[in-house]
Amino acid sequence: MAAGSLEVGSRLDACLAQAVAGNPALKDTAAVVTAIAGAAITISEVIGRGALGGDLAAAGGQNSDGDVQKALDVIAHQRVTEALQAAPVAEVASEEADEVMRLNPGAPLAVAIDPLDGSSNIGVNMAVGTIFGIRPAVQDQANPLASFTSPGTAQLAAGFVTYGPATALVLTLGQGTQIYVLDRAEGAFRLTHPQLDVPVSAKEYAINASNARHWEPPIKAFVEDCLRGAEGPRDKDFNMRWLGSLVADAQRVLLRGGVFLYPGDQRKGYAQGRLRLLYEAAPIAMLMEQAGAGATDGERRILDIEATGIHERVPLVFGSVEEVECVAKYFGGRNHAAGRSPLFGQRGLMRS
Ligand SMILES: O=P(O)(O)OC[C@H]1O[C@](O)(COP(=O)(O)O)[C@@H](O)[C@@H]1O
Ligand SMILES: [Mg+2]
Ligand SMILES: [Mg+2]
């Protein structure tokens, strides 16, 4: 999408048509975005009724990651898969399905999707979302995973929807990152931010600090140095925000900068953190990079990592470039010194 030429207030369908006119290869991708946006409007209506529509947080079964599925997780999964069934999509990797789902054999695209992100916020009137990445489908009947094993750089488009005070679609087709807000009166998304540009430096970080005792030394050192503020090696005071909803934290970072971290830690099952590569980290990473920000697992670029399973987890650090690079320096210290470096003792990496 040629960001510069998009007019604020334009409808999503008009912007997609313009993108396809400029690049006809985007036709199928645009159809998939339209399908997901349509499903998101219906999910937004369900969420907007809150408890009037029943207990959306009611526990159901378990997904493949061992998380308890809430009623809204299941509703959102049904809505997005129904929509994708009617789009040019061969396969779907959903958080709420154990295996890759085969929809339209021979169709050109594959979609990795987290139908409902931020599940712990369901039922308490807080922001939740839907995250997706669109890739070329690899026509391999014998290996259903084949469409999802390329690195994130293979994504043709990525986005997420936040169901917050406003419902917003954050989207990239590989030419910048845009935000569209749902005009409820009209039932259509309209462009509000034609080109996001994340500030390079920032003073805000997001991490679930209740896990501090389980963190590895580089993360401990990074956060300790943020906490020391202007008196510490970072020479500036930081603020902290953690919404418990990746989409909402990501949208804040996209709009005003900052850094988000969900690192691996020493809890059982958390060596690779909590977030999933295909339908959380890779789409967010594409959106960040297209907005001038960065996304790593602490050291490696997220978009270069190849998945080996659909629910594979990955440590995730994203946001303002200076902060993402700063986190990588703390990891660099650990790697070079095999964990014995004084950098990660009482003193922080950046301290003289
Ligand atoms: O409860 P924790 O460990 O802080 O994890 C919060 C993270 O987990 C998530 O809820 C995971 O996503 P799901 O709700 O889709 O499982 C993220 O949205 C959020 O950033
Ligand atoms: Mg999620
Ligand atoms: Mg989810």
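Predicted, not measured: the structure shown is a model, and the values here were computed from it. For ligands, and for the atoms within them, numbers begin at 1 and follow the listed sequence.
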Problem set entry | Single-linkage hydrophobic cluster Leu173~Ile113, side-chain heavy atoms < 4.5 angstrom | yes

Exercise. Do Arg184 and Ser44 have side-chain N/O donor and acceptor atoms under 3.5 Å apart?
Worked result: yes

For this session: Indicate whether the side chain of Tyr163 and that of Thr130 have a donor and an acceptor atom separated by less than 3.5 Å.
Result: yes

Exercise. Is Lys220 salt-bridged to Glu224, cutoff N-O under 4.0 Å?
Worked result: no

For this session: Report the distance from atom CG of Leu84 to atom CD of Glu91, rounding to the nearest 0.5 Å.
Result: 12.0 Å

Exercise. Hey, which N, O or S atom on Glu280 ends up closest to the Mg ion (ligand 2)?
Worked result: OE2

Exercise. If you round to the nearest 0.5 Å, how far is CD1 of Ile207 from CH2 of Trp242?
Worked result: 7.5 Å

Problem set entry | Backbone N/O of Gln141 and side chain of Arg102: donor-acceptor pair under 3.5 Å | yes

Exercise. Rounded to the nearest 0.5 Å, what separation is found between the CG atom of Leu303 and the OG1 atom of Thr296?
Worked result: 11.0 Å

Exercise. In terms of the angle between their ring planes, are Phe222 and Tyr205 parallel, tilted or perpendicular, with boundaries placed at 30° and 60°?
Worked result: perpendicular

For this session: Report, as a single number, the protein N, O or S atoms less than 2.8 Å from the Mg ion (ligand 3).
Result: 3

Seminar exercise, completed: Within the heavy-atom cut-off of under 4.0 Å, ligand 1 is lined by Asp67, Glu95, Asp114, Leu116, Asp117, Gly118, Ser119, Asn208, Trp242, Gly244, Ser245, Leu246, Tyr262, Arg274, Leu275, Arg276, Glu280

Exercise. Hey, is the main chain of Ala188 close enough, under 3.5 Å, to the side chain of Asp183 for a donor-acceptor pair?
Worked result: no

